[in-house]
Structures are given as C-alpha cells and as structure tokens.
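Notes for the one structure printed next.
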Amino acid sequence: MLRHLLEAALRPAVAAVLPDADLNLVQVRPCPDPRFGDYQTAAVMALAKQRHLNPRQLAADVQARLDVQPWCNHTTIAGAGFLNFHLNPQTVANALAAAARGEHRFFQPTPAPRTVVLDFSSPNVAKPMHVGHIRSTILGDSLARTLRLLGHRVITDNHIGDWGTQFGMLIVGWKRSLNPAALNRDPFAELERLYQIIHAECRQNPATLEAARAELVKLQAGDDENRRIWQEMIRLSQSQFDTIYGRLGVHFDHALGESFYNPSLPDVVRQLIHQRVARESDGAQVVFFDDDPSLKPHPAIVQKRDGAFNYATTDLATLDYRLRTWHPDEIIYVTDARQQLHFSQVFHVFRRWHPDARVRLAHVWFGSILGEDGKPFKTRSGDTVKLADLLDEAEERAFQVVTAKNPDLSLDQRKEIARVVGIGAVKYADLLPNRQSDYVFSWDRMLALNGNTAPYLQYAYARIRSIFRKGQLAQPPSPAVRLDAPEEMALAKHLLNFGCTLETVAAEYRPNYLCNYLYDLAGLFTRFYESCPVLKADPPARASRVTLCQLTAQVIQQALDSLGIRVLDQM
RNA sequence: GCGCCCGUAGCUCAAUUGGAUAGAGCAUCUGACUUCGGAUCAGAGGGUUGCAGGUUCGAGUCCUGCCGGGCGCGCCA
C-alpha cells in the first residue's frame, strides 16, 4: 500500500546519496503522532550513525533527491533527523475510492508467499482441555488466519498427546473401574474420573504403578485388547476436542499425534548416532552441546537408558516428517514459555542432524494466565479450569449482559449473540496482552463494553450495520469520497494502515498489534460517528460517509476475522 | 548454583523492538442525551518506567551490578 510506495520512492533517494547503504533497512512506517506527519522513516538517522555523518544533513540530502510528488504535499525533517511524509488529502480519498470499487482491501497479499507449518493447541488424550491450552489454541489460530490472509500457504497440525506413560495407568483404570453406563452418558467425564482415581492409586500403591507399567509394555508391544482400549480413548477424546474447536471456530488441517511418529523413533536415533550427533552416556543416547555455552549444561536425551524414547525424540521425528512431507519454509510452534529450553535443544539437534535444511524454526512462546490473586488461574476449589466450563461461563455471562441491555430480542437471538460475544471476549482477552507477559484473567474486564475489549469492537461494527438498516442501504459503496471533517480524514488515514499492521503481526507473531489497531480504529470511528451525521447529511457528504462506514465495517470484520472473532449485525 | 523471562499511573495492560512530550481502560472528578444504538463521547488529575551506573544525537527497550518475582535445569511432556 502507500507505505510500500513511499518506501519504493525513498530507497533510490537513499541509494543516490549513499550508494552502499543496505536498502532493506530503509523502512517507512506510520507516524506515532499525527502532528509529525502521516508516515516517517528513522532509517536516515541509523545510516548517519553508522557513518558518523550529521543526521539532519543526511536527511536533507536524501530529501533533495526524493520524489514523492504523487502522494505527498511535502516532506519535513524533524527532531534528530526524522524524515516525515505528509500525505496529499486527495491521495487518501483516492485510496478509499479504490477500496470502495473493490480494488483492494487495505492490504496487499505478500509478493513472496511461504509455506508455513503451524503447530499449536496439542491437547492430551483422556485429559480435559483446560486453560493451559487456550492461549496456544487461540494464538495459533490467529496466526494461521493472518498468514493465510496475507497469501501464505499455511498447514495447521495438532500434535495431540496420544502416546506415553499415562496410557499404562489409564488402561489399568479402564480395566478395573470403568462404568460403562457413565461412559455412554458422558464419555469424557468418565475418562477423566478413571484418570483421577488411577492416578491417586498409583501414587499410593506401588503394585498399581507396576501394573500400569506392565499394561504400557503390552500396549507398546501391540497387544490387541490394549490397543483397542487405547484407540477407543483417542476416539472419545477427539470428539471432545472437536466439540471445543467447533465452539472456538478453530480448524486443523492435520492432527498427527505423537503416536503417529512412534514407528520412526528408532531410526531417528540410529541416524543421530550414525552422524555422531548423539552418543552413549550412562546407558542413554544423549546429544551434548559443547560448542554452545548456553546449552552446554543441558544435554538432550533422545533415548532413555531403558531403551524408551522421550519427547525430544518425537519432536525430532515430527520435524523430519514435516520437512519431507510439506517442504515448508518455516515451522512455528506455539507453546508456553516453559518449553523454551526444550525447543532450543530440539532446534539445535535438528540443525546438526540436517545441516542443509533451509527451514526457519520458530518457537512462539507465551506467558501464563493468572487468577486475580496473581497466582496460576484455578477454580475456587483449586482445580484447573476446564476449557469447556470456561466457555460455558463466558456465554452465560454474555447472555446476562445481552438480556439486560436488549430484553426485546428473542431468546434465540440473545443466545446467538451471547455465543459470539462470550467466545469473542475470551479470545480477545487472550490476544490483547503482549503474548510474552503473564496476564490476569478477569471476566468483568473482558466482557466490559468499554475499553479495549471484543464487545466494544463488535459494538462499533453493530452500530454501523444499524445505520445501514436504518437507511435501507444495501447498494455497494459509492467511490465518491470526500474527507472534509478532521474526523473523516483521521479515520480514513487509519484505514490505510491496516496492511502494515497485518504485516507486523505476521512478522513478529504478535496479534496484539492487530488488537491495538482495531481499538484505535473503533475509537476513530466513534469520534467520526459522534460529530459527522451520516444519514442526515446532504447527499454528497452522505454518500461519502456511507462509504466510510462501509469500509470501516469491512476492515473491522476482516481484522476480527484474523483474530478468529465473529461480528454481529445486532447485539 | 546455573539459565530464561518479568518489574511501566492506585489496579489491569500498551508502547510497531533504539525514536520525537511513555499511552489506554478501570477507579476518582467535571461535562454532553428533542442526537444515525448513551453498550457512547469530550475533558481533568494521576509517572524519577524496581534501584545504581554505562553506551549515544536519542534508552521503558541495549550493556554491567544490585533488589524483588515467575519459570526451567539427564532419562515426565
């Protein structure tokens, strides 16, 4: 968009003054404060610093060679050497008119599409999904949506925990304590009950723990009955996951669980040993990182002394499979902060195992969800909060609010609104904070109708739809755009920045930038709404304002969709 | 002990990764409803960015040392 056009004009000007400058660093971005201008570059200062030049003088030299006539009234040099671009109002109006004609949607598809594998959510079979899964699921889904919108090829893969030592215990529990009637009634509750009693039993009774080990060995050896039970548990769990993903509107292209890689683990370790990446230590196969100071104290075990494999081995096999199957340019893992060391190890081992692989590996980590007491978020009785219960409560609370605000709507309407508002509020509260910080979970804050919340944004959208209902406006927007009022111009300019925001989200894996953009957009819209009547305006202004409303609604809807949040015509 | 992360207004969080006078919401106070949805908007007060140094045109952001907190550290995932 405009930013790219300005960058494209700026680069030759910089190159003319400094022929050896790295033009990739020459970037234009929106000004933090409209008083400075509309777009700015700080690159000239950085270049001046490298070369010990006077930054303002360098900025002036670049400015003298700069031709941005088609879009800007003028450019200014300010501060220590900022170069500020001041858009021609007609340029803004033209960009909106083009959008109204359907020529663009305020962003540009990437000129260099990549294939990206996104690994997120990863619940465990036979355990309920809980708050610990929510950030991974919501962040991962949002990144997938944003990358796809920008034109990348995205493959989402749910690495379900369907293998491991817990299945020995679960099989013992299944054989000893299964209540078939309960399983029929609420399969997942029964699975959970089994897990809890057998887990407690194993802690107290070494004989039960031994029985669990024996069942695990039988399962791994392919025992028919144990495999049947195991598969049944996976099936029941998957239907439970599907229910939750359905409520969240989250979709996976693949759900290749840990067990899928089980057959390939011996070969992974064989290769690692053969390539001298791993070596024997205390009976285990271990990768040491002698050349890396930060990892030197933390060797990675890829095969345990007893011959079993662990999660590092599975993750390596998974990487290898993804590489061979999808040939991605990038693989992204969305997990909590505690797994930083693990992924650092896995990525390092992988580089030594496949030194020629070009794939970019990213661990996108996030902080914890805390309760109002600042400790990990739990129920009043101290249990982990189940995701299903959390979503129920979100919808229930949203239903109360909708019923209080809009009692005339039918029950079905209010329930549908409560679903969209409740789920949207939970998602938005999760996406809004910087992902790397912990955040305090608060129903009251996330469901508030003012402040930076999903309901506030949905409300802004609903108000626009209300104008269209009231004015019986169904026709496509008119491309005749006039931006006379300052509120109109401010709103219009912000619409132009949608694309940069999407690009930043994708580049840094931070959907919270999009949240902040949306909040600003909604604020600018309501200011426009307060001071610029739409339906009552004279015809030319009215048509232009209808267009502004239409385009704003379109961007709100598109941006919320990138966050995985739906909009409503009424709420 | 070692490593990673964090510390910003009374509270909850931002700050486009080294950019311009650190911004929002809640709470407090003052205004605006014969007005397209007041579920709103306009405004006020509130800060030595944990502390002390350093790097430079410029630091909440980078480097060093403290203080306080969270998490992780060989056969769990």
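We name chains A, B, ... by the order of the sequence lines, and we start the count at 1 in each one. The model shown is predicted, which means the values in this text are computed figures rather than measured ones.
No hydrogens or angles were tested; on distance alone, a donor-acceptor pair under 3.5 Å links the side chain of A:K49 to the base of B:G58. Between the base of B:G3 and the side chain of A:K296 there is no donor-acceptor pair shorter than 3.5 Å.
Nucleic acid contact for A:N516: sugar-phosphate only, since backbone atoms but no base atoms lie under 4.0 Å from a heavy atom of the residue. Looking at heavy-atom distances under 4.0 Å, A:A42 makes contact with a base. Using a 4.0 Å heavy-atom cutoff across all strands shown, A:K405 reaches at least one base atom of the nucleic acid. Using a 4.0 Å heavy-atom criterion, one finds that A:C532 contacts the bases of the nucleic acid, with or without backbone contacts as well. Counting non-hydrogen atoms under 4.0 angstrom, A:R305 reaches a base of the nucleic acid. Counting non-hydrogen atoms under 4.0 angstrom, A:P533 reaches a base of the nucleic acid. Within the nucleic acid shown, A:N84 comes within 4.0 Å of at least one base atom, counting heavy atoms only. Among the protein residues, A:A78 comes within range of the nucleic acid bases, having at least one heavy atom under 4.0 Å from a base atom.
A:N450 has its CG atom 12 Å from the C1' atom of B:A27, to the nearest Å. Atom pair A:L341:CG and B:C75:P shows a separation of 13 Å (rounding to whole Å applied). Note: CD (A:Q345) to P (B:C75) measures 12 Å, nearest angstrom. In this structure, A:L409 atom CG and B:A39 atom P are separated by 13 Å, rounded to whole Å. Distance, A:Y517 OH to B:G23 C1': 19 Å, rounded to whole Å.
Taking the P atoms as reference points, B:C36 lies 24 Å from B:G31, given to the whole Å. Comparing the same atom, C1', in B:C6 and in B:U61 gives a spacing of 13 Å after rounding to whole Å. The P atoms of B:U48 and B:C11 are separated by 13 Å, rounded to the nearest whole Å. Distance noted for atom C1' between B:U56 and B:G10: 36 Å (whole Å). Going from the C1' atom of B:C76 to that of B:G69 covers 26 Å, rounded to whole Å. To the nearest whole angstrom, the two C1' atoms, one in B:C13 and one in B:U49, are 14 Å apart. Rounded to a whole angstrom, the distance from the P atom of B:A9 to that of B:A39 is 32 Å. Going from the P atom of B:U34 to that of B:A44 covers 25 Å, rounded to whole Å.
Applying the 90° criterion around 0 to the glycosidic angle, B:U40 comes out anti.
If you run side chain to side chain contact (heavy atoms under 4.5 Å, CB included) between A:L53 and each of A:L18, A:L47, A:V44, only A:L18 comes through. The only member of A:V402, A:V421, A:L447 that meets side chain to side chain contact (heavy atoms under 4.5 Å, CB included) when paired with A:R397 is A:L447.
Using cut-offs of 30° and 60° for the angle between ring planes, the A:W230 and A:F167 rings count as perpendicular.
Contact annotation: A:T526 does not reach the phosphate of B:U40 (side-chain N/O to OP1 or OP2, under 4.0 Å). Taking side-chain N and O atoms only, A:R527 has a distance below 4.0 Å to OP1 or OP2 of B:A42. Using a 4.0 Å cut-off, some side-chain N or O of A:K304 falls inside it from OP1 or OP2 of B:C76. Taking only side-chain nitrogens and oxygens, A:T504 never comes nearer than 4.0 Å to OP1 or OP2 of B:U16. Applying the 4.0 Å criterion to OP1 and OP2 of B:C41, one finds that A:Y456 has a side-chain N or O inside that range. A sub-4.0 Å separation between OP1 or OP2 of B:A15 and a side-chain N or O of A:N434 is present. For B:G19, one of the phosphate oxygens OP1 or OP2 lies less than 4.0 angstrom from a side-chain nitrogen or oxygen of A:R29. Taking side-chain N and O atoms only, A:N406 has no distance below 4.0 Å to OP1 or OP2 of B:A39.
A:K304 has its side chain out of reach of A:F309: every pair of non-hydrogen atoms, C-beta onward, lies at least 4.5 Å apart. Between A:V334 and A:T137, the closest side-chain pair of non-hydrogen atoms is not below 4.5 Å.
Look at A:Y459 and the base of B:G37; the rings do not stack under the cut-offs of 5.5 Å between centres and 30° between planes. Put simply, A:Y519 does not rest on the base of B:A24: the two rings are not both less than 5.5 Å apart at their centres and under 30° in tilt.
There is a side-chain donor-acceptor pair under 3.5 Å between A:H348 and A:D292.
The side chain of A:I301 has B:G74 as its nearest neighbour among B:G74, B:C73, B:C13. Each of B:U12, B:G74, B:C76 was ranked by its minimum atom distance to the side chain of A:T165; first place goes to B:C76. Of the candidates B:C73, B:U40, B:A14, B:C73 carries the atom nearest the A:H298 side chain, counting heavy atoms from C-beta on. Checked against B:A20, B:C13, B:G37, the side chain of A:R469 finds its nearest nucleotide in B:G37. Minimum atom distance to the side chain of A:E508 is reached by B:U16, of the listed B:A20, B:A77, B:U16. Distance from the side chain of A:N512 is smallest for B:A14 among the nucleotides B:A14, B:U40, B:A20. Checking B:C57, B:C76, B:C36 against the side-chain heavy atoms of A:A80 singles out B:C57 as nearest. Checked against B:U21, B:A20, B:G74, the side chain of A:P32 finds its nearest nucleotide in B:A20.
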Q: Going 5' to 3' through nucleotides 5-10 of chain B, assign each nucleotide B (protein heavy atom under 4.0 Å from a base atom), S (under 4.0 Å only from sugar-phosphate atoms) or - (no protein heavy atom that close).
A: S-----
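In this structure, B:U21 forms no base pair with any nucleotide, since neither Watson-Crick nor G-U wobble geometry is met with both distances under 3.5 Å. The pairing partner recorded for B:A44 is B:U28, the criterion being a Watson-Crick or G-U wobble arrangement whose two distances lie under 3.5 angstrom. Across every strand in view, B:U49 sits unpaired, with no contact that passes the Watson-Crick or G-U test at under 3.5 angstrom. Of all nucleotides present, none satisfies the Watson-Crick or G-U wobble test against B:C76 with each distance under 3.5 Å. Remark: B:G58 base-pairs with no nucleotide in the shown strands. Criterion, Watson-Crick or G-U wobble with two distances under 3.5 Å.
Figure legend: cation-pi geometry between A:R3 and A:Y39 absent, as NZ or CZ is not positioned both under 6.0 Å from the six-membered ring centre and within 45° of its axis.
Within the 3.5 Å criterion, the main-chain N or O of A:G367 finds a donor-acceptor partner in the side chain of A:R135.
Contact between A:L568 and A:Y461 at its shortest, heavy atoms only, is O-CD2, 3.3 Å.
A distance of 15.0 Å separates SG of A:C532 from CZ of A:R542, quoted to the nearest 0.5 Å. The structure places CD of A:E192 at 10.5 Å from OG of A:S237, a figure rounded to the nearest 0.5 Å. Note that the OG1 atom of A:T526 and the CD1 atom of A:I464 stand 10.0 Å from one another [nearest 0.5 Å].
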